[in-house]
Amino acid sequence: QVQLVESGGGLVQPGESLRLSCVASGTIFSISVIGWYRQASGKQRELVARITSGAVTDYADFVKGRFTISRDNAKNTAFLQMNSMKTEDSAVYYCSAIIEEGQARRVYTSWGQGTQVTVSS
């Protein structure tokens, strides 16, 4: 099973920036869509941004103009650059990817364990 590991979370003040990383490891044939999701305490998980293998991006309205998703296909890595952060951005951020694994090219969605982001003064 391909694993996703997020990193880069932490505590920042409103207006500051943070960059999250998501690294996929395992027998990867290809990765199509990679998405960043978040789940605040007591709320449902929601899509933040996603990017296709061809670098087509899609953002939730609440992060447009502030967050940027990118990926390095050669390193099986995705990033989420978060600027002008707000207190309401506080949540656990998860990386998700549609994986095509191994020679059998089994396709499934993998999730990371999440990384905590807290925006507070």
Side-chain angles (χ1 to χ4, degrees):
Q1 184 88 2
V2 172
Q3 292 189 328
L4 302 180
V5 177
E6 302 98 336
S7 62
L11 172 64
V12 296
Q13 294 187 345
E16 294 186 338
S17 299
L18 210 55
R19 189 189 195 212
L20 305 183
S21 299
C22 171
V23 180
S25 62
T27 310
I28 300 168
F29 182 85
S30 69
I31 301 175
S32 55
V33 181
I34 299 175
W36 284 98
Y37 293 75
R38 71 186 187 186
Q39 187 167 18
S41 180
K43 296 187 178 181
Q44 289 190 330
R45 191 172 299 188
E46 59 185 359
L47 175 68
V48 175
R50 55 191 171 192
I51 183 169
T52 69
S53 56
V56 176
T57 58
D58 182 32
Y59 296 92
D61 286 343
F62 53 77
V63 302
K64 283 182 180 178
R66 300 189 298 122
F67 291 11
T68 302
I69 189 172
S70 59
R71 63 190 287 174
D72 183 336
N73 292 329
K75 297 181 179 179
N76 293 322
T77 301
F79 306 96
L80 184 68
Q81 177 67 42
M82 304 184 290
N83 298 329
S84 302
M85 296 190 70
K86 305 176 181 180
T87 55
E88 51 263 44
D89 293 323
S90 297
V92 178
Y93 282 70
Y94 298 90
C95 174
S96 175
I98 299 175
I99 305 289
E100 197 171 9
E101 183 183 27
Q103 291 186 344
R105 299 178 66 173
R106 184 172 68 102
V107 180
Y108 57 89
T109 299
S110 183
W111 287 85
Q113 82 290 347
T115 185
Q116 177 70 48
V117 171
T118 303
V119 185
S120 176
S121 55

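Because the structure is a prediction, the values reported are computed rather than measured. Residues take their numbers from the sequence shown, with the count starting at 1.
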> If hydrophobic residues (ILVMFWY) are linked whenever their side-chain heavy atoms come closer than 4.5 Å, directly or via other members, who joins Phe62 in its cluster?
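Phe62 clusters with Val2, Val12, Leu18, Leu20, Ile28, Ile31, Ile34, Trp36, Val48, Ile51, Tyr59, Val63, Phe67, Ile69, Leu80, Met82, Met85, Tyr93, Ile99, Tyr108, Val117, Val119.
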> Of all the heavy-atom pairs spanning Gln113 and Val5, show the shortest one and how long it is.
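Closest heavy-atom pair between Gln113 and Val5: OE1-CA, 3.8 Å.
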> Of all heavy-atom pairs between Gln1 and Glu101, which one has the smallest distance, and what is that distance?
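Of all heavy-atom pairs spanning Gln1 and Glu101, the closest is N-OE2, 3.3 Å.
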> For Arg66 versus Asp89, what's the shortest heavy-atom pair and its separation?
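For Arg66 and Asp89, the tightest heavy-atom pair comes out as NH1-OD2, 2.7 Å.
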> When rounded to the nearest 0.5 angstrom, what distance separates CG in Asp58 from OG1 in Thr52?
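The CG atom of Asp58 sits 10.0 Å away from the OG1 atom of Thr52.
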> Distance from Arg19 atom CZ to Thr68 atom OG1, nearest 0.5 Å?
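Answer rounded to 0.5 Å: 10.5 Å.
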> Please report the interatomic distance OG(Ser53) to CG(Asn73), rounded to the nearest 0.5 Å.
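That separation rounds to 6.5 Å.
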> So, for Ser90 and Ala40, which heavy atoms are closest and what is the spacing to 0.1 Å?
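Scanning both residues completely, I find the closest heavy atoms to be O-CB, 3.7 Å.
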> Got more than 12 heavy atoms from elsewhere within 6.0 Å of CZ, Arg38?
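Atom CZ in Arg38 is crowded, with more than 12 foreign heavy atoms closer than 6.0 Å.
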> On the six-membered ring of Phe79, is Arg71 placed so that its NZ or CZ lies under 6.0 angstrom from the centre and within 45° of the ring axis?
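No, Arg71 does not lie over the aromatic ring of Phe79.
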> Please determine whether side chain to side chain contact (heavy atoms under 4.5 Å, CB included) holds for the pair Leu11 and Ser120, giving the CA-CA distance in whole Å, both sets of side-chain angles, and the decisive distance to 0.1 Å.
CA-CA 7 Å; Leu11 172 64; Ser120 176; 4.2 Å; yes
> Count the heavy atoms of every other residue, nucleotide or ligand shown that sit under 6.0 Å from CD of Glu88, and state whether that count exceeds 12.
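Yes, the 6.0 Å shell around CD holds more than 12 heavy atoms from other groups.
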> Can you find a side-chain donor-acceptor pair between Ser30 and Glu100 that sits under 3.5 Å?
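There is such a pair (donor and acceptor under 3.5 Å, judged by atom type) between the side chains of Ser30 and Glu100.
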> Which pair of heavy atoms, one from Ser96 and one from Tyr37, lies closest together, and at what distance?
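Distance-wise, the nearest heavy atoms are CB-CE1, 3.9 Å.
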> For atom CD of Gln3, decide whether the heavy atoms of other residues, nucleotides or ligands shown that lie under 6.0 angstrom number more than 12.
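Atom CD in Gln3 is not packed in, count stays at 12 or less.
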> What distance do Tyr94 atom OH and Glu46 atom CD have between them, rounded to the nearest 0.5 Å?
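If we round to the nearest 0.5 Å, Tyr94:OH and Glu46:CD are 12.5 Å apart.
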> For Asn83 and Ser17, which I'm curious about, is there any donor-acceptor pair between the side chains at under 3.5 Å?
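Checked: Asn83/Ser17 side chains pair up, N/O donor to acceptor below 3.5 Å.
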> Applying disulfide (SG to SG under 2.5 Å), which residue pairs with at least one partner in residues 14-105 are found, sequence neighbours left out?
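For residues 14-105, and leaving out neighbouring residues, the disulfide (SG to SG under 2.5 Å) pairs sorted by first residue read Cys22-Cys95.
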> Would you mind telling me which of Arg106, Gln103, Arg105 makes a side chain to side chain contact (heavy atoms under 4.5 Å, CB included) with Phe29?
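That would be Arg105.
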